[in-house]
Amino acid sequence: MPEIFLVLHDNITINDEQLTLAIKAGITKVNISSDLRKIYVESLKKSLQTNSNLSNLNTLTENAMIAIQKFVEEKIILLGANNRYKF
C-alpha cells in the first residue's frame, strides 16, 4: 500500500495511453465525473435528435446510462481493475 495517494482529477483531457502511463507512474485514484457528464449529455442530445417520440423519457435516459456503462467498463479494463474484486 502506498504511503502517498496520488489523484488524477478529471478536469483535464487525457487519452488512454497517457492514463495508463499515469497509473504506472503511481496514480492511485482517477476521477472521471466530467467524462461521465459529457457522455450523458451527448447521449441525451443524440437521442433527442433521432427520437421524435419524446413522451418516453425513460428511453432517453436509458440510452445515456448504457453509454456511461460502456465507458466505465472500458476504463475498468484499461486500468486493469477488472476481476480485481470478487463479489
Engineer: Of the options Asn31, Thr28, Leu19, which is the one that meets Leu8 in a side chain to side chain contact (heavy atoms under 4.5 Å, CB included)?
Structural biologist: Leu19
Engineer: Do Val72 and Leu78 sit in the same hydrophobic cluster, where Ile, Leu, Val, Met, Phe, Trp and Tyr count as joined when their side-chain heavy atoms come under 4.5 Å apart?
Structural biologist: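 Looking at the clustering, Leu78 is in the same group as Val72.
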Engineer: As an exercise, state the distance from CG of Asn63 to OG of Ser47, rounded to the nearest 0.5 Å.
Structural biologist: 4.0 Å
Engineer: Is there a continuous path of hydrophobic side-chain contacts, each under 4.5 Å between heavy atoms, that joins Ile4 to Ile27?
Structural biologist: yes
Engineer: Looking only at atom types and distance, does a side-chain atom of Thr61 sit under 3.5 Å from a main-chain N or O of Asn58, one as donor and one as acceptor?
Structural biologist: yes
Engineer: Can you find a heavy atom in the side chain of Ile23 that is under 4.5 Å from one in the side chain of Val30?
Structural biologist: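 In contact.
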Engineer: Is it the case that one hydrophobic cluster holds both Leu48 and Met65, taking links as side-chain heavy atoms less than 4.5 Å apart, direct or via other members?
Structural biologist: yes
Engineer: Just jot down the salt bridge (Lys or Arg N to Asp or Glu O under 4.0 Å) partners of Lys45, sequence neighbours excluded, or say none.
Structural biologist: none
Engineer: Please check this pair: side chain of Glu42 against backbone of Ile39, looking for a donor-acceptor N/O pair closer than 3.5 Å.
Structural biologist: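 A pair under 3.5 Å: no.
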Engineer: Listed by chain and number, what are the salt bridge (Lys or Arg N to Asp or Glu O under 4.0 Å) partners of Lys46, not counting sequence neighbours?
Structural biologist: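 Residues passing salt bridge (Lys or Arg N to Asp or Glu O under 4.0 Å) with Lys46: none at all.
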Engineer: Could you tell me whether Lys75 and Asp35 make a salt bridge, using a distance below 4.0 angstrom between a side-chain N and a carboxylate O?
Structural biologist: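 A salt bridge is absent here (no side-chain N lies under 4.0 Å from a carboxylate O).
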Engineer: Could you give the distance from CG (Leu36) to CD1 (Ile68), rounded to the nearest 0.5 Å?
Structural biologist: 5.5 Å
Engineer: When you group the ILVMFWY residues by side-chain heavy-atom contacts below 4.5 Å and let the links chain together, are Ile14 and Leu6 in the same group?
Structural biologist: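 Same hydrophobic cluster.
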Engineer: Nearest 0.5 angstrom please: Ser33 OG to Lys38 NZ, how far?
Structural biologist: 13.5 Å
